[in-house]
Student: 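One structure, pasted below without further comment.
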2 protein chains.
Amino acid sequence: MFTSDFPIFYVTVDVVLFAVREGRLEVLVVRRGEAPHEGRWALPGGFVGDDEELLAAARRELVEETGIAGEGLALEQLKTFGAPDRDRRPHRVVSVAYLAVTPNAELPTAGSDAREAEWRPVDDVTGHLAFDHDEILAEARARVASKLEYTRLAAAFLPPTFTIAQLRGVYEAVWGLAIDPGNFQRKLRAATDFLASTGESVKPAGGRGRPAEVFRAIGEPFEALAVPVPRSSM
Amino acid sequence: MFTSDFPIFYVTVDVVLFAVREGRLEVLVVRRGEAPHEGRWALPGGFVGDDEELLAAARRELVEETGIAGEGLALEQLKTFGAPDRDRRPHRVVSVAYLAVTPNAELPTAGSDAREAEWRPVDDVTGHLAFDHDEILAEARARVASKLEYTRLAAAFLPPTFTIAQLRGVYEAVWGLAIDPGNFQRKLRAATDFLASTGESVKPAGGRGRPAEVFRAIGEPFEALAVPVPRSSM
DNA sequence: TTGCTTGTTGTCGACCTGACAACTACTGTC
DNA sequence: GACAGTAGTTGTCAGGTCGACAACAAGCAA
C-alpha cells in the first residue's frame, strides 16, 4: 500500500561499552575489516535483524564482535544518529546508539570468532574514530558521567561484591577528579538504597592497610537513587 | 552490494509537544485520519524525508500536522522506539521520538491545512493514545520534569519576557507540587546564569497586587544550569 | 616494635534549605 | 481617599548538608 511512498532506511545499533581499568575510563573499539573506513577504529555495532528488538540487537552485536560476556552487562539506549550523510553507502543508515558498562574487562583470547577488539583509554581514541562515532562517544561519556550522580551505574563497573574504595575509584576515573575518602565513605553508607553489607572484608588494594568491608549493590544499574552523589568538587 | 542483505525499515518521528495552560501541563495530540488506529488520538508525527535530518523532520511534521508556530520551539531527541510489533503495517517502523516545549499554546483557527489537533491535559490522555504513544508520553513527561531541575527548559514554556511568578507556575504545573514563592524567588535571583532583568515591571496575574519585575532567560533551553533547581520538597 | 598504608570515624565552620513572618506596591471597593 | 485584599519581594532562623582535615583502626613489612 505504501511500499514505495516513503524513503527506506537501514537501521543499525552501535554500542559504547565502558570499563574502568587501572584507574582510567576505557572504551571498547573494533578495527573495521571492510569499507567504508576500512582499517580504522570504530564502535562495535551492526544491522538490526528482521524481527529483533533494538536492545537485543545491541547485545548480540557486542557479543558477536567482541566476544565479551553478555552477563552482568548494563545497557541503555543513548541516542539515535541519522544525519543524511553519516554513511557513504547507498540508502540512509540510521543508528541507535547504546551505552553499556561492564565489570568483565577481559577480552577472549585470540582464536575465538571475535573480531579484532581492544580496550583503549577514552582520551586516546577521542577524535580518531570512523563515521560519526566520535560524536557518539562524546555523548556516551557525558551520559555516563551524569548517570553516576543519580543512579547505581557505578556499581556496574565492578564485580558483584566490592569495597567502597573500589566504588570511589570508579567515580574518580569517570569524573577525572580526586574524591575525599572519608566524605565518600560517609555519604555512601548513609544511603540505604545503594549498598548492602555482606559482612565480609578483604585485604585492601595494595596488599597493605586495614581490610575493607565488602558490599553488594542494591537495585538495577540505571535505576535512580533517592539521594544523588553530586559531582561538584566532592 | 548489500541491497537485500539486511532488513529494511521505515523511519518516523513523533513529537511530544508540551505547554502549560491554566496551571496544568498539557500535550498536543492529533486525531488519526487513517488506519491503523483511525479516529484515535496520537502524537503528531510522520515519515522522515529522503534527505532530511531527523530533527528537521520533527519540526516539519509538527508544523504540518498542527499548524503551530515553529519559532521559539525547543526540541530535543527523546528516545527511539523500535519494537518489532509496534506498528501493524508491513515492514518495520522505527520511530525517533522528540520532546518539545512551546510558549505559543494557541492553535491556528479552523480552516487552515492543519490536521485535527488539540491541547489536552497530560493526565487525561495518558492511557488512551494509539500505537505505543502512551509509553512515549510517559518517557517525555519524566524527561521534562527532570530537565526542569538542571536546565533552562522552564523558560521555554513562557514568552520571551516573564516574571518569576510565571516561572514558578511552570515548575508547579510540571512537578505537580506547590513551591514557596519566597524561597523560589531568592533561589532564581541568586543564579546568575538563568535570568536577566529587563528593568521593566508588569501588573500581577490576578490584576491585583504588587507589580512584578520582568526577566528574560539567558542561554539555550536545553543547556545545563550551574546550580540546579531541586525538586525535593521545595 | 616501628613505621607505613589503607580504610573508617570525628569534628567543625561555611553554606544551603525550607518554613514562615514581615513588608511593599499595587487594585478594587466603600 | 481610607481600607481591605492580593501578589511580589525581603528577612529571619533553626536544621541539615558539604568539604576540609584530623584522628583512629587494622592490617603488612622490615
Side-chain angles (χ1 to χ4, degrees), chain A residues 22-23 148-150 158 161-173 175 177-216 225-234, chain B residues 22-23 148-150 158 161-173 175 177-216 225-234:
Chain A
E22 299 165 13
L148 285 203
E149 293 194 41
Y150 58 95
L158 299 172
T161 64
F162 51 86
T163 69
I164 292 187
Q166 284 179 288
L167 191 64
R168 177 166 48 85
V170 170
Y171 280 91
E172 291 182 327
W175 288 348
L177 48 83
I179 296 173
D180 182 283
N183 294 335
F184 186 82
Q185 183 94 212
R186 203 187 349 266
K187 178 105 195 172
L188 271 288
R189 280 175 182 271
T192 58
D193 63 341
F194 194 176
L195 302 182
S197 173
T198 62
E200 298 173 12
S201 57
V202 291
K203 289 197 292 185
R208 290 173 284 277
R210 168 173 171 177
E213 196 173 345
V214 175
F215 292 85
R216 181 187 318 280
L225 288 169
V227 293
V229 182
R231 203 181 330 190
S232 55
S233 65
M234 184 158 177
Chain B
E22 299 164 14
L148 285 204
E149 295 194 39
Y150 58 96
L158 299 172
T161 63
F162 51 86
T163 69
I164 291 187
Q166 285 178 287
L167 191 63
R168 176 164 50 86
V170 171
Y171 280 91
E172 291 181 326
W175 289 347
L177 49 83
I179 296 174
D180 182 283
N183 294 335
F184 186 82
Q185 184 93 212
R186 204 186 349 264
K187 178 106 196 170
L188 271 287
R189 280 175 182 271
T192 57
D193 62 342
F194 194 176
L195 302 181
S197 174
T198 63
E200 298 174 10
S201 56
V202 292
K203 289 197 292 187
R208 286 174 284 278
R210 169 173 169 176
E213 196 173 346
V214 175
F215 292 85
R216 181 188 318 279
L225 287 170
V227 294
V229 182
R231 201 181 333 191
S232 56
S233 65
M234 184 158 178

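Per chain, numbering begins at 1; letters A, B, ... match sequence-line order. Remember, predicted model here, so these are calculated numbers, not experimental data.
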Student: Over how many whole Å does the gap from Asp180(B) atom CG to dC13(D) atom P extend?
Tutor: 17 Å
Student: Checking contacts here: which listed nucleotide (dT8(C), dT9(D), dA25(C)) is nearest the side-chain heavy atoms of Arg189(B)?
Tutor: dT9(D)
Student: Quick one: is Lys187(A) getting a side-chain N or O under 4.0 Å of the dC18(D) phosphate, OP1 or OP2?
Tutor: yes
Student: What integer distance in Å separates Leu195(B):CG from dT9(D):C1'?
Tutor: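 These atoms are roughly 15 Å apart.
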Student: Any side-chain N or O of Arg168(A) under 4.0 Å from OP1/OP2 of dG7(C)?
Tutor: yes
Student: How many whole angstroms separate atom CG of Leu188(A) from atom P of dG7(C)?
Tutor: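 Leu188(A) atom CG is separated from dG7(C) atom P by 13 Å.
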Student: Find the distance Phe184(B):CZ to dT10(D):P and express it as a whole number of Å.
Tutor: 14 Å
Student: Starting at atom CZ of Arg210(B), determine the distance to atom C1' of dC26(C), rounded to an integer number of angstrom.
Tutor: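 The distance from CZ of Arg210(B) to C1' of dC26(C) comes to 9 Å, rounded to the nearest Å.
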Student: Roughly how far, to the nearest 0.5 Å, is CZ of Phe215(B) from OG1 of Thr198(B)?
Tutor: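 With rounding to 0.5 Å, OG1 (Thr198(B)) is 8.0 Å from CZ (Phe215(B)).
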Student: About how many Å separate CD1 of Ile164(B) and CZ of Phe194(B), when rounded to the nearest 0.5 Å?
Tutor: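 If we round to the nearest 0.5 Å, Phe194(B):CZ and Ile164(B):CD1 are 10.0 Å apart.
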Student: Is there a donor-acceptor pair closer than 3.5 Å between any side-chain N or O of Glu172(B) and the backbone N or O of Ile179(B)?
Tutor: yes
Student: Can you figure out which of dA26(D), dT9(D), dC28(D) approaches the side chain of Lys203(A) most closely?
Tutor: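 Of all the options, the side chain of Lys203(A) is nearest to dC28(D).
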Student: When the distance from CD1 of Ile179(A) to P of dG7(C) is rounded to whole Å, what number comes out?
Tutor: 14 Å
Student: Nearest whole angstrom, please: distance from the P of dG18(C) to the CZ of Arg231(B).
Tutor: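 Taking CZ of Arg231(B) and P of dG18(C), I get 14 Å after rounding.
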Student: When you get a sec, tell me which of dA25(C), dA29(D), dG7(C) is the closest nucleotide to the side chain of Arg208(A)?
Tutor: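 Within the option list, the nearest is dA29(D).
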Student: What's the closest nucleotide to the Asn183(B) side chain, out of dC20(C), dT8(C), dA20(D)?
Tutor: dC20(C)
Student: Measure distances between side-chain N and O atoms of Arg186(B) and base N and O atoms of dG18(C), and say whether any donor-acceptor pair falls under 3.5 Å.
Tutor: no
Student: Quick one, Trp175(B) and Glu149(B) - any side-chain contact, counting heavy atoms below 4.5 Å?
Tutor: yes
Student: Quick one: is dG7(C) close enough that its OP1 or OP2 comes under 4.0 Å of any side-chain N or O from Gln185(A)?
Tutor: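 Negative; the distance criterion is not met.
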Student: With respect to Ser197(A), which candidate in Arg216(A), Glu213(A), Arg189(A) satisfies the side-chain contact (heavy atoms from CB on, under 4.5 Å) definition?
Tutor: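 So the option named by the test is Glu213(A).
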